Amino acid sequence: MEGHDKHVGHRTGDFLQKFWIALILSVPIFFYSEMAMELFGIRGPAFPFSQLLMLALGSVIFLYCGWVFIAGAYREIRARLPGMMTLISIAIIAAYAYSIFSLFVGTGHDLLFELASLIAIMLLGHYIEMRAVSSAQGALKALTKLLPDTADVIRDGTAKTVSLAELRVGDMVLVKPGAKVPADGVIVEGGSQLDESIVTGESKPVSKTVDAEVIAGSINGDSALTIRILKIGEHTFLAGVMRLVAEAESSKSRLQILSDRAAFYLTIIALVAGGVTFAVWALSAAGVLFAVERLVAVLVIACPHALGLAVPLVAAISTTMAARNGFLVKRRLALESARTVTTVLFDKTGTLTQGRFSVVSASDEVLIAAAAVEAHSEHPIARAILDEATRRGLSVAAARDFKRLPGIGAEARVNDSLVFVGHKSGDDIVVERDGTLLGTIVLADSVRPEAQEAVIALKAKGIRIVMITGDAEDVAKRTAAELGIDEYFARVRPEEKSEKVKFLQSKGEHVAMVGDGVNDAPALAQADLGVAIGAGTNVAIESAGIILVRNDPRDIAKIIELSRLTYAKMIQNLFWATGYNVVAIPLAAGAFSIYGIILEPALAAVFMSASTVIVAINAIILRRKKL
């Protein structure tokens, strides 16, 4: 990324340097041009070989300053994708060749000033555009600079400064007040508030104490921390963010594919229009000079640069905005489809609720039997049961023949008895021994405080909210009522979740599925938009198009809003870029010359560059929008 940035910076500076050379050399050429005589009645002093000197200056501009366009055209033609560089190259080659022909044949007319001014304006336009693109991607570049250069590793009781490349998993690192966390880890000593805004989008400092995980690149507050390194290098959260951003950058939206195709066809149209224009004027009384001028003007003004830039720049900015607002766009098609979402299907546990269960009531006998079975499970309910058994100091027997029952619970043999733990009916977890009810376990899973705000925000946008859960009917009903959700699916087995998505889609709904577990992966893939909670499993994240870094369901409304803003900007830019060419090509071809309206090649270059800059500025305005 850093090497790419340096390359872009070098190219940007190269365009600017060549622009100044072309501009300076254009001044003497102007005083010997027909334009200077016609507009201002001035003419440079005549001296031997003055025309050859002007040709020499024009040659420097053409061969040195304009070569970047010819080299670009070569690459386009070799890739069989003629475009902007091809059109500019044909234009400047035609102007240069005609000027040489004019000089040696002695017609008294040349296009050297048109050549020089055209190259200068095109270089300036490219410089401004590249600066705009560079500015638009500034936030993503900032992600690469989040990490410190060194870390203070505690070895033999003292802190030693080492480079990040020397860090190892398990190292103890001292993070001083105001310093950046060098790698993902867990706090083993101290407590502080950390600024994670650039990484997660969370604007407020986050309080962290012992056993809390910290993210590489976050900034420590006013207290020293000792952390144990858990992940380094490419395995850190920040590295994952950059990979997702790179994946999003390499993907294309439908509108971008459309604009790329339109830019290609526009190039073909420009070449054909230019050829026809030249032939018509060359065979008319206007003469070859006028025909060449029209050819150059058509090729320049029809350059599809604005069209080619219209969508990619908006897409790059929206990807950056997403990362800064706490969600990562893995595929651009996912962000584009978010604007069409009519229904959001929320998985309950871990998405709308905390996903951290606690035992409210259970006898020791019931808890011992249940803990024996759940020792083999990673389910949040299993962890709650095991934690309570540990807290009570209960002795749990070993179980065998463990079997998970999807959407129901689990069973295993404990002391030669078959013990079942799971839902059968009602609000509680039932525990059975050899088919006989042993007792129940009452659990509590509190609703996320931000979940209700998420529901309100989505309803305000006209979005239908549906909840899906494997819990019993009364549990689902209570949670839905607390959140203000009118529709829900209860007792849904993992393999049935994708079927519920299909059911909603069959009713004409465009569905966004939000989930965090392995059993959500098929539903995330089936949905029109799959959104994975950042703390969820890798399987869920791989199946989703967008990832919520902060686990905050309020970000769903932001995704939809950003999608709508992005689409509107893309349409605006496409309308401007295509509408401009519809008017510009006939004007450049001389269709209005009978009314005395003639577009000179240099002015055509100004209009073409202006259209590109306007598209870039319109895209950058998106960045100022607050979600």
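No experiment lies behind these values; they were computed from the predicted model shown.
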So, taking the atom named CZ in Arg448 and the one named CG in Asp552, what distance separates them when rounded to the nearest 0.5 Å? 7.5 Å
Does any N or O in the side chain of Ser563 come within less than 3.5 Å of the main-chain N or O of Arg339, such that one atom is a donor and the other an acceptor? yes
Sub-4.5 Å side-chain heavy-atom contact between Arg391 and Asp387: no
Assess whether side chain to side chain contact (heavy atoms under 4.5 Å, CB included) is satisfied between Leu194 and Leu225, documenting all intermediate values. CA-CA 10 Å; Leu194 283 83; Leu225 296 173; 3.9 Å; yes
Check whether the side chains of Asp528 and Ser337 place a donor and an acceptor atom closer than 3.5 Å, and report yes or no. no
Between Glu432 and Leu437, the two heavy atoms sitting closest are CG-CA, 4.1 Å
So do the side chains of Ile187 and Asp211 get within less than 4.5 Å of each other, counting heavy atoms only? no
Give the C-alpha distance, both sets of side-chain angles, the deciding distance and a yes or no for side chain to side chain contact (heavy atoms under 4.5 Å, CB included) between Thr440 and Val431. CA-CA 6 Å; Thr440 61; Val431 180; over 6 Å; no
CD (Glu487) with more than 12 external heavy atoms under 6.0 Å: yes
Checking side chain to side chain contact (heavy atoms under 4.5 Å, CB included) for the pair Val341/Ile556: CA distance, chi angles, key distance, verdict? CA-CA 11 Å; Val341 166; Ile556 302 296; over 6 Å; no
Hey, does the side chain of Lys477 reach the backbone of Ala490 with a donor-acceptor pair shorter than 3.5 angstrom? no
Looking at Arg554 and Glu450, does any basic side-chain N land under 4.0 Å from a carboxylate oxygen? no
Any heavy-atom pair between the side chains of Val188 and Met172 that's under 4.5 Å? yes
Donor-acceptor pair, Asp184 side chain versus Ala216 backbone, under 3.5 Å? yes
Which heavy atom in Ala370 sits nearest to a heavy atom in Ile441, and how many Å separate them? CB-CD1, 3.7 Å
Sub-4.5 Å side-chain heavy-atom contact between Ile229 and Arg168: no
CG on Leu565 to CD1 on Ile621, rounded to 0.5 Å: 12.5 Å
Inter-residue atom distance Ile463.CD1 - His510.NE2, 0.5 Å rounding: 11.0 Å
One should read off an interatomic distance between Phe420 CZ and Ile429 CD1, to the nearest 0.5 angstrom, of 8.5 Å
Would you name the heavy atoms of His376 and Ala399 that are closest together and state the gap between them? NE2-O, 3.4 Å
Within the distance-only criterion (no hydrogens, no angle test), does the side chain of Lys208 pair as donor or acceptor with the backbone N or O of Glu213 below 3.5 angstrom? yes
Salt bridge (Lys or Arg N to Asp or Glu O under 4.0 Å) evaluation trace for Glu561 with Lys558: CA-CA 5 Å; Glu561 183 181 357; Lys558 291 185 179 181; over 6 Å; no
The test is salt bridge (Lys or Arg N to Asp or Glu O under 4.0 Å); show your working for Arg464 and Asp486 and say whether it passes. CA-CA 9 Å; Arg464 176 185 178 190; Asp486 301 321; over 6 Å; no
Side-chain H-bond candidate by donor/acceptor type, Asn618 with Lys569, under 3.5 Å: yes
With a 4.5 Å cut-off on side-chain heavy atoms, are Thr353 and Thr479 touching? yes
Quick one: do Val169 and Ile232 satisfy side chain to side chain contact (heavy atoms under 4.5 Å, CB included)? Show the steps, please. CA-CA 7 Å; Val169 173; Ile232 59 175; 4.2 Å; yes
Ser192 side chain to Asn220 main-chain N or O, any donor-acceptor pair under 3.5 Å? no
How close do Phe402 and Ala412 get, counting heavy atoms only, and between which atoms? CA-CB, 3.8 Å
If we only count heavy atoms from C-beta on, is the Val492 to Thr469 side-chain gap below 4.5 Å? no
Does the Asp347 side chain pair with the main chain of Val514, one donor and one acceptor, at a distance under 3.5 Å? no
Would you say that more than 12 heavy atoms from the other residues, nucleotides or ligands in this model lie under 6.0 Å from the NZ of Lys461, or not? yes
Once you round to the nearest 0.5 Å, how far does CG of Leu529 lie from CD1 of Ile560? 7.5 Å
Look at the side chain of Thr566 and the backbone N and O of Leu562, then say whether any donor-acceptor pair between them is shorter than 3.5 Å. yes
Taking all non-hydrogen atoms of both residues, which atom of Val175 and which atom of Pro182 are closest, and how far apart? CG2-CD, 4.2 Å
Arg392 vs Asp364, test: salt bridge (Lys or Arg N to Asp or Glu O under 4.0 Å). Steps then yes/no. CA-CA 8 Å; Arg392 295 188 189 183; Asp364 286 354; 2.7 Å; yes
Side-chain contact, heavy-atom cut-off 4.5 Å: Glu189 with Val210? no
Could you tell me the separation between the CE atom of Met467 and the CG atom of Leu345, rounded to the nearest 0.5 Å? 10.0 Å
Is a side-chain donor-acceptor pair under 3.5 Å present for Tyr488 with Glu473? yes
Of the non-hydrogen atoms in Ala451 and Leu483, which two are nearest, and what is the gap between them? CB-CD2, 3.6 Å
How about Gln505 and Gln526: does a side-chain donor come under 3.5 Å of a side-chain acceptor? yes
Measure the shortest side-chain to side-chain distance between Ile620 and Arg623 over non-hydrogen atoms and say whether it is less than 4.5 angstrom. yes
Heavy-atom count check: over 12 atoms from other residues, nucleotides or ligands less than 6.0 Å from Asp222 CG? no
Heavy-atom donor-acceptor pair, Asp171 side chain to Leu167 backbone, under 3.5 Å: no
More than 12 non-hydrogen atoms from neighbouring residues, nucleotides or ligands closer than 6.0 Å to NZ on Lys231, yes or no? no
Residues Glu509, Lys507: salt bridge by 4.0 Å N-O rule: no
